[in-house]
Q: 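One structure is given below, represented as structure tokens, and several questions about it will come after.
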Amino acid sequence: DEFFPNLSEDTYIALTVHLDPPAQFMAHHPELRDHWEQMIQNMSSEEWKQAAEKYMCALIDKMDEWYPDRVYAIYLLSGGTTEWYSFLIDEVIDHPTELQKQSFKACTGHDFPSSDILKKGTDGCLRHPVEDKVALDYWKYVNDIVAEVQCRFAHTAKVHTKGTKLVGLFNGTLCGMKLDLCVRTYYNGLDRLLACPDIDMIFCPASYVARKLPSTSALRVPTESIAAAGKLFVHEIDSATNLVKTINSKAAADHAEGRDESFTCAEQTKMYLRRESGITLAKGMGYWWFDMFSGYYDDPELMQELADIHELQKKLMTLDNTNLSEVVEILDQRSAYYLETACRYPMVEHQSAPLNYTGAPWDLRIAKDLFTDPQTDKYKL
């Protein structure tokens with residue numbers, strides 16, 4: 001109760017575990033780099049992984065001691081914005097560390113290539129399967145190693161809790177980034193995470209290109225592939241509300257004036273909240289309200305709106321939510337490796353609004369499903 005003195009009897013806790021090495025650990029390991037900015041350069045450090053696992057297990061035990069039977073989930077956070085990528089995307093290939101070079105050579109047999117080789121393709125914007133093999137091997141390697149570490153931490157959490165808690169993490173943004181960024185930010189190993197028995201949930205923020213009120217919403221992950229794998233998806237609604245300008249915080253002000261719409265009144269915010277939660281409810285998925293800088297929902301009218309949406313959700317959960325889509329958009333992970341990473345490609349996400357305007361339900365899937373899931377036989381377009 002020291003941390004949550006007002007915790008009600010029906011409140012449960014999802015424990016977010018920040019796995020980045022802290023300053024005191026970094027001081028004894030000069031081979032490591034700042035994990036938030038250059039995570040991939042630390043991925044092969046066995047000492048970091050063992051220390052992080054030990055810390056995670058101790059934290060879980062302490063929370064269970066303080067709040068018995070309250071912690072229902074473990075969320076694994078690491079890297080840039082705690083979403084498992086290197087914030088300084090170019091730095092990690094322009095200035096590789098010895099640890100990074102050794103790991104890459106051990107896995108692929110190649111010496112670490114120049115950044116120009118890693119960014120360019122010999123066939124215009126495309127990589128050649130033979131002439132660009134080193135680059136292809138590198139990008140496959142970094143996506144694989146991140147997925148491998150994520151699965152390892154998830155397994156440790158599952159074993160330590162004897163399978164009594166859900167495990168989740170941020171990933172899967174295959175259609176919410178410019179195509180080369182799927183590879184450069186290590187989200188292109190999603191198929192491995194979906195096959196991992198220890199991962200139960202995938203999270204992703206609301207679309208950044210569809211936050212303005214006149215637009216439709218857009219999901220940034222292959223939701224139907226996640227569902228077909230028996231996983232949960234949580235849509236993180238972290239947009240600025242009409243209250244953001246009342247928050248005395250530069251970070252909040254930047255949030256409002258940057259990529260988000262700055263709503264002018266509670267009515268506009270309510271319309272947006274209905275739209276964002278509505279798209280996830282239509283797909284039988286979940287969502288959470290992310291009060292990013294504290295105060296986004298500090299208003300009785302908005303809190304009542306959230307309560308009303310929650311009541312609607314409870315009603316919908318009692319109804320038949322069978323997927324009736326006959327339209328599907330396919331995301332091919334394998335082909336993404338063949339795109340050079342020195343230029344920018346349009347986001348697949350931009351197709352969401354036109355598809356939404358058709359009025360027909362549609363799915364998002366990875367190409368692998370076409371060969372493994374018989375449910376894909378229903379698609380006509």
Side-chain angles (χ1 to χ4, degrees), residues 19-21 25-53 78-80 83-153 171 173-174 177-193 332-345:
L19 297 163
D20 291 4
F25 187 87
M26 297 281 287
H28 295 283
H29 293 275
E31 75 278 10
L32 299 182
R33 295 294 179 266
D34 183 287
H35 211 76
W36 175 286
E37 295 183 339
Q38 296 163 239
M39 179 194 75
I40 195 63
Q41 296 182 313
N42 301 338
M43 279 289 102
S44 60
S45 170
E46 184 61 28
E47 291 174 288
W48 160 64
K49 285 178 278 193
Q50 289 183 10
E53 287 173 315
S78 188
E83 293 174 294
W84 290 93
Y85 67 93
S86 297
F87 192 74
L88 300 180
I89 295 177
D90 287 331
E91 176 70 18
V92 299
I93 57 177
D94 291 341
H95 302 98
T97 64
E98 286 303 313
L99 186 65
Q100 190 181 4
K101 293 176 184 176
Q102 292 168 10
S103 174
F104 177 64
K105 185 159 188 174
C107 289
T108 67
H110 303 305
D111 290 328
F112 201 92
S114 69
S115 61
D116 189 58
I117 288 175
L118 292 179
K119 294 176 183 178
K120 297 290 185 180
T122 57
D123 287 344
C125 66
L126 298 177
R127 291 194 174 100
H128 189 281
V130 176
E131 295 181 32
D132 296 314
K133 186 176 187 306
V134 175
L136 290 167
D137 286 351
Y138 173 80
W139 291 113
K140 185 72 165 59
Y141 152 77
V142 292
N143 281 270
D144 282 349
I145 195 173
V146 172
E148 180 182 312
V149 171
Q150 291 168 330
C151 291
R152 170 174 168 167
F153 282 127
N171 205 280
T173 314
L174 299 183
M177 292 185 173
K178 294 177 175 60
L179 293 178
D180 62 313
L181 285 178
C182 301
V183 171
R184 297 172 80 200
T185 49
Y186 329 124
Y187 289 145
N188 215 39
L190 178 64
D191 55 333
R192 290 191 58 177
L193 302 188
D332 182 31
Q333 292 172 265
R334 184 177 177 182
S335 66
Y337 290 118
Y338 288 85
L339 296 171
E340 71 162 26
T341 54
C343 61
R344 299 291 179 266
Y345 309 88

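Any value given below was found using the heavy atoms of this structure, including those in side chains, with hydrogens, waters and symmetry copies removed.
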Q: Using the side-chain contact (heavy atoms from CB on, under 4.5 Å) rule, take Arg192 and Gln150 through it: C-alpha gap first, then chi angles, then the decisive distance, then the call.
A: CA-CA 10 Å; Arg192 290 191 58 177; Gln150 291 168 330; over 6 Å; no

Q: Looking at NE2 of His29 and CG of Leu99, how far apart are the two atoms once the value is rounded to the nearest 0.5 Å?
A: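 Those atoms lie 11.5 Å apart.
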
Q: Got a sec, which pairs hit salt bridge (Lys or Arg N to Asp or Glu O under 4.0 Å) with one end in residues 26-45, sequence neighbours left out?
A: none

Q: Apply the test side-chain contact (heavy atoms from CB on, under 4.5 Å) to residues Cys182 and Thr173: give CA-CA distance (whole Å), side-chain angles for both, the deciding distance (0.1 Å), then the verdict.
A: CA-CA 7 Å; Cys182 301; Thr173 314; over 6 Å; no

Q: Measuring from Tyr186:OH to Ile89:CD1, what's the distance to the nearest 0.5 Å?
A: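 Rounded to the nearest 0.5 Å, the OH-CD1 separation comes to 7.5 Å.
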
Q: Supply the atom-to-atom distance Leu19 CG to Trp48 CH2, rounded to the nearest 0.5 angstrom.
A: 6.5 Å

Q: Evaluate His35 against Met26 for side-chain contact (heavy atoms from CB on, under 4.5 Å), listing each step before the verdict.
A: CA-CA 10 Å; His35 211 76; Met26 297 281 287; 6.0 Å; no

Q: For Lys49, look at atom NZ and say whether over 12 heavy atoms of other residues, nucleotides or ligands are found less than 6.0 Å away.
A: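 Yes, because the 6.0 Å sphere around NZ of Lys49 holds more than 12 heavy atoms from other groups.
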
Q: If you measure from CD1 on Ile145 to SG on Cys107, what distance do you get to the nearest 0.5 Å?
A: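 The distance works out to 5.5 Å.
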
Q: How close do Ile117 and Pro113 get, counting heavy atoms only, and between which atoms?
A: CG2-CB, 4.0 Å

Q: Got Leu32 and Ser45 here, is their nearest side-chain heavy-atom distance under 4.5 Å?
A: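 Counting from C-beta outward, Leu32 and Ser45 do come under 4.5 Å.
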
Q: Any idea which heavy atoms bring Glu83 and Tyr187 closest together, and the distance?
A: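 Taking Glu83 first and Tyr187 second, the nearest heavy atoms are O-OH, 2.5 Å.
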
Q: Got Asp20 and Asn42 here, is their nearest side-chain heavy-atom distance under 4.5 Å?
A: no

Q: Is the backbone of His95 close enough, under 3.5 Å, to the side chain of Gln41 for a donor and an acceptor to pair up by distance?
A: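 It does hold such a pair.
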
Q: Side-chain contact test, heavy atoms from C-beta onward, threshold under 4.5 Å: evaluate it for Glu148 versus Met43 and give yes or no.
A: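 No. Closest side-chain heavy atoms not under 4.5 Å.
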
Q: Would you say the side-chain atoms of Ser78 pair up with the backbone N or O of Trp84, donor to acceptor, closer than 3.5 Å?
A: no

Q: Okay, side chain of Asn188, backbone of Gln333: is any donor-acceptor separation there less than 3.5 Å?
A: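 Pair found, side chain donor or acceptor close to backbone of Gln333.
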
Q: Between Asn143 and Val183, what is the shortest heavy-atom contact and its length?
A: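 So the two residues come closest at ND2-O, 3.1 Å.
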
Q: Using the salt bridge (Lys or Arg N to Asp or Glu O under 4.0 Å) rule, collect all pairs that involve residues 86-114, keeping only residues at least two apart or in two chains.
A: Asp90-Lys119, Asp90-Arg184, Asp94-Lys119, Glu98-Lys101, Lys105-Asp111

Q: From Asp332 CG over to Tyr337 OH, what is the distance, rounded to the nearest 0.5 angstrom?
A: 11.0 Å

Q: Locate the shortest heavy-atom distance separating Leu118 from Ala135; write the atom from each residue and the value.
A: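 Reported closest heavy-atom pair: CD2-CA, 4.0 Å.
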
Q: Using the ring of each side chain (for Trp, its six-membered ring), is Phe87 parallel, tilted or perpendicular to Trp36, with breaks at 30° and 60°?
A: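 Correct class here is tilted.
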
Q: One thing to verify: whether Asp144 and Lys140 come together as a salt bridge, which I'm taking to mean a side-chain N less than 4.0 angstrom from a carboxylate O.
A: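 Counted as a salt bridge, because a side-chain N and a carboxylate O are separated by less than 4.0 Å.
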
Q: Over all heavy atoms of both residues, which pair between Val92 and Phe112 is shortest? Give the atoms and the distance, please.
A: O-CZ, 4.3 Å

Q: For Phe104 and Ser44, run side-chain contact (heavy atoms from CB on, under 4.5 Å): C-alpha distance rounded to whole Å, both residues' side-chain angles, the deciding distance at 0.1 Å, then the answer.
A: CA-CA 9 Å; Phe104 177 64; Ser44 60; over 6 Å; no

Q: Is a side-chain donor or acceptor of His128 paired with a backbone partner of Glu131 at a separation under 3.5 angstrom?
A: yes

Q: Only one of Val142, Leu136, Val134 forms a side-chain contact (heavy atoms from CB on, under 4.5 Å) with Tyr138, so which one is it?
A: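 So, applying the side-chain contact (heavy atoms from CB on, under 4.5 Å) to Tyr138 and each of Val142, Leu136, Val134, only Val142 qualifies.
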
Q: What's the shortest heavy-atom distance between Gly124 and Glu340, and which atoms?
A: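 Scanning both residues, the minimum pair turns out to be O-OE1, 3.3 Å.
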
Q: Give a yes or no answer on whether the side chain of Trp139 reaches the backbone of Tyr338 with a donor-acceptor pair at less than 3.5 Å.
A: no

Q: For the backbone of Tyr85 and the side chain of Thr185, can you confirm whether one donor and one acceptor N or O come within less than 3.5 Å of each other?
A: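 No: the side chain of Thr185 does not pair with the backbone of Tyr85.
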
